[in-house]
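To keep things clear, I will list the structure first and then write my remarks on it.
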Amino acid sequence: MIKDELNALLSQSVDGLITQGLLPPGDYPIPVVESPKQAEHGDFAVTFALASAKVAGMNPRQVGELLATALQATDTFESVEVAGPGFVNLRVKPNKFEGSLAEVLNSTDKRILEKPGHFARPAQPHPHRINVEFVSVNPNGPITIGSGRGAAYGSALCNLLEASGHTVHREYYINDGVNSEQMRQFALSVRALKLGTEFPEKGYRGDYVQAVADVLDTAEDHPTEWWQSEAQATMLERQRRDLEAFGVVFDTWFSEQSLHDAGIVAECLNELIAKGAADDEPRRTVLKMGKKGAIEEVVREDQPQDEDDAEGSERTVWLRSTKFGDDMDRVLRRRDGRLTYIASDVAYHRDKFNRPSSADRLITVLGPDHHGYINRLRAVVAAMRMSPSEPNGVPAFGEAAELFRDQAEQASCEAATRQAEKELLVQIFQLVRFLKDGKPAPMRKRDGNIFALSDLVDEIGQRLHPDADRKTQQQAGRDVARFFYLMRHHDTTFDFDLDLAAKQSDENPVFYVQYAHARICQLIDRAKTEIPGVIPDVTAADLGIREVSLTELHERERSLLIKVFELREEVARAAEDLAVNRIATYAIELARAYHGFYDQCRVIDAAQPDVSKKRLAIVLATQTALRAALDLLGVSAPERM
RNA sequence: GCCCUGGUAGCUCAGUGGAUAGAGCAACGGCCUUCUAAGCCGUUGGUCGGAGGUUCGAUUCCUCUCCAGGGCGCCA
């Protein structure tokens with residue numbers, strides 16, 4: 001793509017200057033082109049002169065002049081200007097865009113997620129096998145509009161990681177442990193509704209509970225476990241349906257309980273004890289933290305042992321997670337022998353690493369209420385991955401002396417923690433506030449009903465297209481909801497304006513982008529009938545672009561092309577930062593560039609076939625980029641609106 | 001107390017250590033007998049919460065601080 005070519009050219013030029021003795025040898029930064037904020041600064045800008053003035057021992061403008069002279073000589077630029085304190089502003093000769101345009105057109109009609117050769121797929125220097133776990137809510141209710149953000153983000157993130165050259169596994173962790181008190185309450189609520197028995201005090205109300213009861217085909221009572229597994233399965237099915245309708249599918253729905261059933265949780269527990277990462281000493285270590293994560297004090301809380309406890313009660317087993325960066329030790333096995341959620345987490349994470357096509361990176365997407373879970377989760381992975389250490393009897397220093405057996409253990413634990421920081425990335429998405437009539441809309445209705453993701457999709461779809469069929473409504477609702485969820489950075493609280501989402505107007509960015517695509521499609525259709533033979537044949541093996549020469553470019557053509565070429569870089573950067581919102585922003589910018597081009601550049605003109613051909617090539621390239629961006633977001637690209 | 005996130009135009013928000021900080025909406029004014037006006041163009045609008053520091057250069061990095069939201073269970 002054009003930027004890579006220019007970067008290579010820059011490096012050559014700088015090397016040349018050094019070889020010629022015009023620049024003193026030194027440790028220079030790698031020169032790269034940047035996109036200027038203002039169009040009048042040219043197509044690309046170089047800040048090399050500013051960054052390297054010190055190394056060169058010259059003033060930045062001087063370095064800029066040298067670089068400009070060298071670049072002038074390459075016959076690549078229409079203009080090279082040194083501006084301001086030492087920027088080098090570049091305007092590229094139109095024909096230098098031909099290669100990049102051909103590259104994009106080669107990808108027309110290919111989906112970004114299908115063909116590895118797609119132009120938007122950057123060369124991935126460090127491809128990983130990434131397991132992305134997201135949504136993973138309890139199977140005791142429908143997917144809420146709060147979780148909707150995690151669903152949208154997680155699914156788009158997976159697309160993005162794939163597009164940037166990683167292998168991705170999409171995973172949903174089912175919190176179906178039979179020990180779960182919440183699931184027990186949910187099951188008992190269903191039972192009460194079905195059999196007319198007494199409703200549990202902490203029971204779940206809402207139509208969806210009744211709906212589960214209605215589905216179950218039984219008239220008699222069963223053990224609680226039966227109700228639990230039946231209610232769960234029914235609810236899970238609803239979740240799966242809702243998610244699918246929202247464009248979210250998983251490769252694996254992983255059952256927590258299956259780990260218990262296979263005895264793996266217990267096995268892991270024993271492993272941790274053997275490694276010294278867990279034990280049943282009756283104490284909990286709590287770290288008093290100062291600023292910047294500095295340990296101020298190690299507090300040892302002795303746990304009272306109830307002599308009165310029922311016979312057969314066991315000693316509490318603690319994960320010494322304070323050895324792995326957590327601020328508090330965590331319980332793995334309760335006194336009554338039940339294993340905790342975090343105990344299954346150990347087994348679960350071991351499993352993720354140990355499958356046949358195992359992951360080497362884990363990404364876990366969690367909601368805002370799980371922020372405190374990050375260190376704990378990392379400690380779990382660290383403890384599970386740690387290799388046991390031979391005692392060396394050298395006591396650790398300072399606070400560490402309270403935590404570790406000796407320096408050998410400290411080294412081992414710290415290495416495991418650092419490793420876990422690399423292997424496990426926890427992404428927190430922040431709260432969404434839903435606004436209706438300018439006021440916050442409650443997430444939970446007074447009757448105990450939850451504002452479900454499916455309600456959101458339906459409501460937006462119905463308000464947009466009151467008279468359309470259900471499929472059209474759902475598609476529209478899904479497109480708008482996904483785009484709204486994704487257009488803000490996931491780690492920022494944002495307001496979801498339901499009225500704006502349901503407005504079919506220029507205020508709604510989704511339609512702004514989709515409209516650009518629809519305009520393109522209609523234009524291409526029209527060109528096929530009005531000026532057949534002029535439209536570049538992108539299906540030909542050796543593309544029609546070879547006949548399209550870019551001898552001159554209208555300003556709008558130029559800026560549109562540059563924007564199209566940016567997609568690949570944008571995908572790489574967004575994937576690097578796990579920032580899906582960049583793609584939404586890019587889509588809006590690309591749409592803007594297209595609308596601007598469309599307004600000023602007449603495409604179909606039988607009198608000027610060369611101009612038409614060139615512009616159609618640019619339009620096709622834009623269509624490819626726009627589709628790719630929308631694909632990544634999981635938003636449809638309609639052919640007409 | 002500690003941790004996380006945010007504070008940028010009237011509103012909603014972009015912004016990668018670079019130039020005069022951008023967009024959409026709102027307000028005002030233009031552009032359809034030629035490819036979809038769900039569009040385009042222009043005007044108005046800013047102590048980038050505050051104070052220090054690093055840097056040739058800070059909205060961006062560091063420290064402190066103010067304000068707002070969220071989180072810190074033998075719950076999951």
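What you see is a predicted model, and the numbers here were worked out from it, not measured in a lab. Order of the sequence lines sets the chain letters (A, B, ...), proteins ahead of strands, with each chain counted from 1. Reckoned from all heavy atoms, side chains included, excluding hydrogens, waters and symmetry mates.
Among the heavy atoms of the strands lying under 4.0 Å from Ala51(A) is at least one base atom, whether or not backbone atoms are also near. Nucleic acid contact for Met289(A): sugar-phosphate only, since backbone atoms but no base atoms lie under 4.0 Å from a heavy atom of the residue. Asn89(A) comes within 4.0 angstrom of a nucleotide base, judged by non-hydrogen atoms across all strands. Nucleic acid contact for Lys54(A): sugar-phosphate only, since backbone atoms but no base atoms lie under 4.0 Å from a heavy atom of the residue.
A cation-pi contact, defined as under 6.0 Å to the ring centre and within 45° of the axis, links Arg519(A) to Tyr598(A).
Against RNA chain B, the stretch residues 599-609 of chain A makes heavy-atom approaches under 4.0 Å through Asp599(A), Cys601(A), Arg602(A), Val603(A), Ile604(A). Within residues 571-590 of chain A, the residues approached by RNA chain B to less than 4.0 Å at the level of any non-hydrogen atom are Arg573(A), Asn581(A), Arg582(A), Thr585(A), in residue-number order.
The aromatic rings of Tyr173(A) and Tyr348(A) sit parallel, their planes meeting at an angle under 30°, below the 60° perpendicular limit. Between Tyr594(A) and Phe597(A), the ring planes are tilted. Angles from 30° to 60° get that label.
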Indicate every side-chain donor-acceptor pair of residues 325-333 of chain A with a distance under 3.5 Å to a residue at least two apart or in another chain.
{"residue": "Asp326(A)", "atom": "OD1", "partner": "Arg330(A)", "partner atom": "NH2", "Å": "3.2"}
{"residue": "Asp326(A)", "atom": "OD2", "partner": "Ser321(A)", "partner atom": "OG", "Å": "3.2"}
{"residue": "Asp326(A)", "atom": "OD2", "partner": "Arg330(A)", "partner atom": "NE", "Å": "2.8"}
{"residue": "Asp326(A)", "atom": "OD2", "partner": "Arg330(A)", "partner atom": "NH2", "Å": "3.4"}
{"residue": "Asp327(A)", "atom": "OD1", "partner": "Arg330(A)", "partner atom": "NH2", "Å": "3.4"}
{"residue": "Asp329(A)", "atom": "OD1", "partner": "Ser321(A)", "partner atom": "N", "Å": "3.3"}
{"residue": "Asp329(A)", "atom": "OD1", "partner": "Thr322(A)", "partner atom": "N", "Å": "3.2"}
{"residue": "Asp329(A)", "atom": "OD1", "partner": "Thr322(A)", "partner atom": "OG1", "Å": "2.6"}
{"residue": "Asp329(A)", "atom": "OD2", "partner": "Thr285(A)", "partner atom": "N", "Å": "3.0"}
{"residue": "Asp329(A)", "atom": "OD2", "partner": "Thr285(A)", "partner atom": "OG1", "Å": "3.3"}
{"residue": "Asp329(A)", "atom": "OD2", "partner": "Arg320(A)", "partner atom": "NH1", "Å": "2.9"}
{"residue": "Arg330(A)", "atom": "NE", "partner": "Met328(A)", "partner atom": "O", "Å": "3.3"}
{"residue": "Arg333(A)", "atom": "NH2", "partner": "Glu314(A)", "partner atom": "OE1", "Å": "3.2"}

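Regarding the sugar-base torsion, C64(B) falls in the anti class, its angle being beyond 90° of 0.
Taking atom CZ of Arg592(A) as the reference point, atom C1' of C25(B) lies 12 Å away to the nearest angstrom. The distance from atom CD of Glu570(A) to atom C1' of G15(B) is 11 Å, rounded to the nearest whole Å. Rounded to whole angstrom, the span from the OH atom of Tyr485(A) across to the P atom of C13(B) amounts to 15 Å.
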Discussion item. Treating primed atoms plus P, OP1 and OP2 as sugar-phosphate and everything else as base, which nucleotides of nucleotides 63-76 of chain B get B, S or - for protein heavy atoms under 4.0 Å?
Written reply: S------BS--BBB

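Residues satisfying the side chain to side chain contact (heavy atoms under 4.5 Å, CB included) criterion with His260(A), sequence neighbours excluded, are Glu256(A), Gln257(A), Val265(A), Leu339(A), Ser344(A).
Tyr485(A) has its ring centre no less than 6.0 Å from the ring centre of His490(A).
By the criterion of a centre-to-centre distance under 5.5 Å and near-parallel planes under 30°, the ring of Phe87(A) forms a stack with the base of A19(B).
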Listed pairs, N/O of protein and of nucleotides 8-12 of chain B, under 3.5 Å:
{"residue": "U12(B)", "atom": "O2'", "partner": "Arg488(A)", "partner atom": "NH2", "Å": "3.4"}

